[in-house]
Amino acid sequence: MTEDLIRVLRESPGRSIVWAYLFGVLWGLGGLTFGLTMRYLGMSLGMAVALGYTAAFGTLMPPIFRGQFASEVLGTRSGLTVLAGVGICLLGIVFAGAAGMCKEKELSEEQKRASIKEFSLKKGLLVASFSGVMSACFAYGLAAGDPIKEATLRHGTPLLWQGLPVLVVVLLGGFTTNFFWCIILNIRNRTGYQYFRSEIRAPQQSTQAEAILENATDAPAEEMAQRANIACTRNARAPMLSNYLFSALAGTTWYFQFFFYTMGETQMGRYKFSSWTLHMASIMIFSTLWGIALKEWKGVGLRTKLMVALSLFVLIASTVVVGYGNYLGTHASAAVGARSTKVTGD
């Protein structure tokens with residue numbers, strides 16, 4: 001979809017390339033701890049807390065970095081509406097956190113671990129805070145790549161695909177972090193041979209001993225694998241072909257979230273930073289629904305259930321408010337353009 005990608009990257013400012021890559025590396029660090037968030041808090045609460053930090057930092061920091069926050073956000077009605085939508089999104093996260101605290105008080109240790117084996121609110125909140133802030137670096141990387149977008153547009157890439165060259169750089173940074181961590185685990189667990197041989201020489205090391213390679217924009221695959229109740233026996237043989245095919249399918253579908261995100265960002269006008277809030281709110285909404293489907297809130301009282309429902313309602317409302325703010329901004333820009341045309345004609 002990109003015209004002359006290699007030349008575009010060569011002509012892009014080195015500073016932009018370096019920052020986009022470094023932010024990708026930091027985003028990868030957030031990914032290394034995000035699986036722990038799911039482990040300690042579960043899908044509903046873990047997603048809400050981690051993505052809350054990611055939504056707040058990822059939405060607000062890019063316009064501050066560009067110097068647009070005071071003029072285009074605080075100085076306009078549409079900007080204030082978008083900012084209110086971000087605030088409503090954070091309020092939804094507060095309700096989700098309150099639901100988690102109610103769950104902590106209501107359920108016994110046995111009940112908590114029936115749905116989330118290692119539920120720990122304090123440990124989970126600490127890990128989720130680190131993971132959420134680091135995961136927001138993906139948005140910083142996209143913002144740092146603005147000069148790359150300008151370069152690809154000059155080379156004839158359509159407006160809709162301008163964000164794709166930036167993904168090459170940011171995802172390379174995330175790949176670097178995950179690659180080295182995987183190598184460390186392969187050496188530590190002596191599992192490197194499994195890339196090439198289907199025989200499993202010994203029972204797998206428990207996942208309790210290592211971080212799960214997921215990030216704040218991934219599906220909680222570890223929980224789903226646990227629920228599949230797949231057991232590994234000594235000298236078992238792994239289905240290599242299907243494993244590689246499913247890994248490739250997972251990587252492809254996972255990438256499409258960013259593919260469509262960069263497309264949507266181009267249609268957000270002057271408040272394109274708010275697209276990050278919509279992205280995060282959507283993930284939180286559907287992860288909460290998955291958490292309900294997987295019975296993570298089974299056994300809680302009516303108050304806690306109402307708190308979960310309220311968090312869902314508020315998160316959905318935030319997407320509506322952010323969308324309305326962008327609508328106002330689009331009309332304001334159109335009105336300014338019309339006045340300018342009239343003055344020029346006169």
Side-chain angles (χ1 to χ4, degrees), residues 18-66 69 73 83 85-98 100-101 120-145 166-167 169-178 180-181 211-220 257-258 261 265 273-284 287-288 311 315 318 322:
V18 169
W19 277 112
Y21 175 79
L22 289 178
F23 282 131
V25 171
L26 295 177
W27 165 68
L29 291 177
L32 294 178
T33 51
F34 190 78
L36 295 176
T37 301
M38 298 294 99
R39 177 183 297 169
Y40 295 137
L41 297 180
M43 193 185 308
S44 300
L45 180 57
M47 282 281 194
V49 176
L51 295 187
Y53 281 104
T54 304
F57 283 87
T59 301
L60 299 179
M61 290 305 294
I64 294 174
F65 177 78
R66 295 187 183 109
F69 190 78
V73 179
L83 192 62
V86 176
I88 293 172
C89 178
L90 296 179
L91 183 62
I93 294 153
V94 170
F95 286 134
M101 295 179 69
S120 174
L121 186 64
K122 293 182 180 179
K123 189 184 295 185
L125 290 176
L126 182 63
V127 175
S129 300
F130 175 83
S131 176
V133 173
M134 289 294 101
S135 295
C137 289
F138 194 96
Y140 306 165
L142 295 179
V166 185
L167 289 181
V169 182
V170 177
L171 293 178
L172 180 62
F175 168 79
T176 302
T177 305
N178 285 271
F180 282 108
W181 179 241
I212 302 164
L213 295 178
E214 296 175 351
N215 58 59
T217 44
D218 284 351
Q257 67 175 311
F258 302 118
Y261 174 81
E265 188 184 40
F273 67 88
S274 62
S275 57
W276 189 254
T277 299
L278 298 178
H279 185 48
M280 294 295 107
S282 299
I283 294 175
M284 283 185 278
S287 64
T288 300
S311 70
L315 288 171
S318 73
V322 170

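- Side-chain atoms of Thr177 come within 3.5 Å of backbone N or O of Val25 as a donor-acceptor pair.
- Between the Ser131 side chain and the Ala128 main chain, no donor and acceptor come within less than 3.5 Å of each other.
- Scored by the side chain to side chain donor-acceptor pair (under 3.5 Å) test, Tyr21 finds Thr176 as partners (sequence neighbours excluded).
- The distance from the CG atom of Leu22 to the OH atom of Tyr140 is 14.5 Å, given to the nearest 0.5 Å.
- The heavy-atom pair separating Gly132 from Thr54 by the smallest distance is O-OG1, 2.9 Å.
- Shown here are the ring pair (Phe, Tyr, Trp, His ring centres under 6.0 Å) partners of Phe175, two or more places apart in sequence or in another chain: Phe179.
- Judged as a side-chain contact (heavy atoms from CB on, under 4.5 Å), and not counting sequence neighbours, the contacts of Leu167 are Phe138, Leu142, Leu164, Leu171, Tyr255, Phe258, Thr262.
- Phe23 and Trp27 have their aromatic ring centers separated by at least 6.0 angstrom.
- Scanning for side-chain contact (heavy atoms from CB on, under 4.5 Å) contacts around Phe130 gives Thr33, Met134, with sequence neighbours left out.
- How far CD1 of Ile88 is from OG of Ser318: 7.0 Å, rounded to the nearest 0.5 Å.
- Contacts of Leu125 classified as side-chain contact (heavy atoms from CB on, under 4.5 Å), with partners at least two apart in sequence or in another chain: Leu41, Val49, Leu121.
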Taking distance alone, no hydrogens or angles, what donor-acceptor pairs closer than 3.5 Å link side-chain atoms of residues 91-98 to residues at least two apart or in another chain?
none

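- Scanning all heavy atoms of the two residues, the minimum distance from Cys137 to Leu26 falls at SG-CB, 3.6 Å.
- Contact detail for Val166 and Gly141: the closest heavy-atom pair is CG1-O, 3.8 Å.
- In this structure, Ser282 has no side chain to side chain donor-acceptor pair (under 3.5 Å) partners at least two apart in sequence or on a different chain.
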